[in-house]
Amino acid sequence: MSNRLTKIVTRGGDKGETSLADGTRLHKDDARIALIGDVDELNSWLGVVIAHGAEGVLKETLARAQHDLFDLGGALSFPGAPVLSEDHVARLDEAAAKLNEDLPPLKEFILPGGAKEISFCHVARTVCRRAERSMAAFHRLAPEAAHGLQYLNRLSDVLFIAARVEARRLGVNEVYWRKER
């Protein structure tokens, strides 16, 4: 394999612009660039969740999602490119069902907390929701992003389920919201 990047410091962004894969220059605060950044941040948080003990189906699901998110960022850097597929969304639906199988029914709202592993899942979920909001805005201008929007919606659900799975794995009680304090 040849070197893909021969120079990391290019100074090309010093004036607040960056390039898409097709050479188009955009301001760094452009909605597309912001979305790519949100997806990149989400991918990093998935790495944190994996590094802090995710196991089995959860680890496999999140590791696959990291590759999907990298593909998503790449697709976003090519204007007009399809952004993920129905298969990507279906895989997350299947993973959510499998992860949810052994969890008790949810009877109350859950707050982030209980253990760092659980909290990391919730942080990843909220970053995913931000990426989803960015994708929703982008989708209005780029209909080819429909599957990317669905994917992020499903991934945030998977991350909520992941927090519950981690609580069970760790033997930690979920932190329930108390209406009356």
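Side chains included, hydrogens not; waters and symmetry mates left out as well; all remaining heavy atoms used. All residue numbers in this chain count up from 1 along the given sequence.
- Side-chain contact between Arg32 and Ser77 is absent, with no heavy-atom pair separated by less than 4.5 Å.
- To the nearest 0.5 Å, atoms CH2 (Trp45) and CD (Gln66) are separated by 13.0 Å.
- In this structure, Phe70 has no ring-ring contact (aromatic ring centres under 6.0 Å, His included) partners at least two apart in sequence or on a different chain.
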query = Under the side-chain hydrogen bond (donor to acceptor under 3.5 Å, both in side chains) criterion, do His88 and Ser85 qualify, and how do the steps go?
reply = CA-CA 5 Å; His88 291 93; Ser85 69; 2.9 Å; yes
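- Of the charged side-chain nitrogens involved, at least one lies within less than 4.0 Å of a carboxylate oxygen, so that Arg129 and Glu132 count as a salt-bridged pair.
- Other residues, nucleotides and ligands contribute more than 12 heavy atoms inside 6.0 Å of the CG atom of Asp22.
- The nearest pair of heavy atoms linking Tyr151 to Leu92 is CE1-CD1, 3.3 Å.
- Heavy-atom minimum distance, Leu69 versus Asn43: CB-ND2, 3.7 Å.
- Separating the CG atom in Leu99 from the CD atom in Glu166 is a distance of 10.0 Å, to the nearest 0.5 Å.
- Between Val49 and Ala124, the closest heavy-atom pair is CG2-CB, 4.2 Å.
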Exercise. Does the side-chain hydrogen bond (donor to acceptor under 3.5 Å, both in side chains) test come out yes or no for His122 and Arg125, once each step is laid out?
Worked result: CA-CA 5 Å; His122 283 291; Arg125 175 186 56 80; 3.2 Å; yes
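- Salt-bridge check for Glu41 with Arg130: passed, with a basic side-chain N closer than 4.0 Å to an acidic carboxylate O.
- Residues Leu149 and Phe78 are members of separate hydrophobic clusters, defined by side-chain heavy-atom contacts under 4.5 angstrom among Ile, Leu, Val, Met, Phe, Trp and Tyr.
- Of the charged side-chain nitrogens involved, at least one lies within less than 4.0 Å of a carboxylate oxygen, so that Arg154 and Asp93 count as a salt-bridged pair.
- Taking each heavy atom of Leu159 and Cys128 in turn, the nearest pair found is CD1-CB, 4.0 Å.
- Under the 4.5 Å side-chain criterion, counting only non-hydrogen atoms from C-beta, Pro104 is in contact with Arg168.
- A tilted orientation is assigned to the rings of Phe120 and His52, their planes being inclined by 30° to 60°.
- Distance NZ/Lys59 to CD1/Ile50: 7.5 Å, rounded to 0.5 Å.
- Within the model, atoms CG of Leu62 and CG of Leu46 stand 5.5 Å from one another, a figure rounded to the nearest 0.5 Å.
- Between Arg169 and Glu55 there is a side-chain heavy-atom pair separated by less than 4.5 Å.
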Review point. Where do Leu152 and Leu42 land on the side-chain contact (heavy atoms from CB on, under 4.5 Å) test, with the steps shown first?
Key: CA-CA 10 Å; Leu152 291 173; Leu42 172 58; 3.9 Å; yes
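- Scanning all heavy atoms of the two residues, the minimum distance from Lys28 to Ile33 falls at O-CG2, 3.4 Å.
- The local environment of CD in Glu86 is sparse, with at most 12 non-hydrogen atoms from other residues, nucleotides or ligands closer than 6.0 Å.
- With respect to Arg91 and Asp68, a salt bridge is recorded, a charged nitrogen being found less than 4.0 Å from a carboxylate O.
- Its side chain within the 4.5 Å cluster rule, Tyr176 clusters with Leu106, Ile110, Phe160 among the Ile, Leu, Val, Met, Phe, Trp and Tyr residues.
- Note: the hydrophobic cluster containing Val172 does not contain Val175 (ILVMFWY, side chain heavy atoms under 4.5 Å, direct or indirect links).
- Shortest non-hydrogen contact noted between Gly148 and Leu84 is CA-CD1, 4.3 Å.
- Linking Ile, Leu, Val, Met, Phe, Trp and Tyr whenever their side-chain heavy atoms come within less than 4.5 Å puts Val89 and Val57 in one cluster.
- Cluster membership for Ile118 and Leu58, using ILVMFWY side-chain heavy atoms within less than 4.5 angstrom, is not shared.
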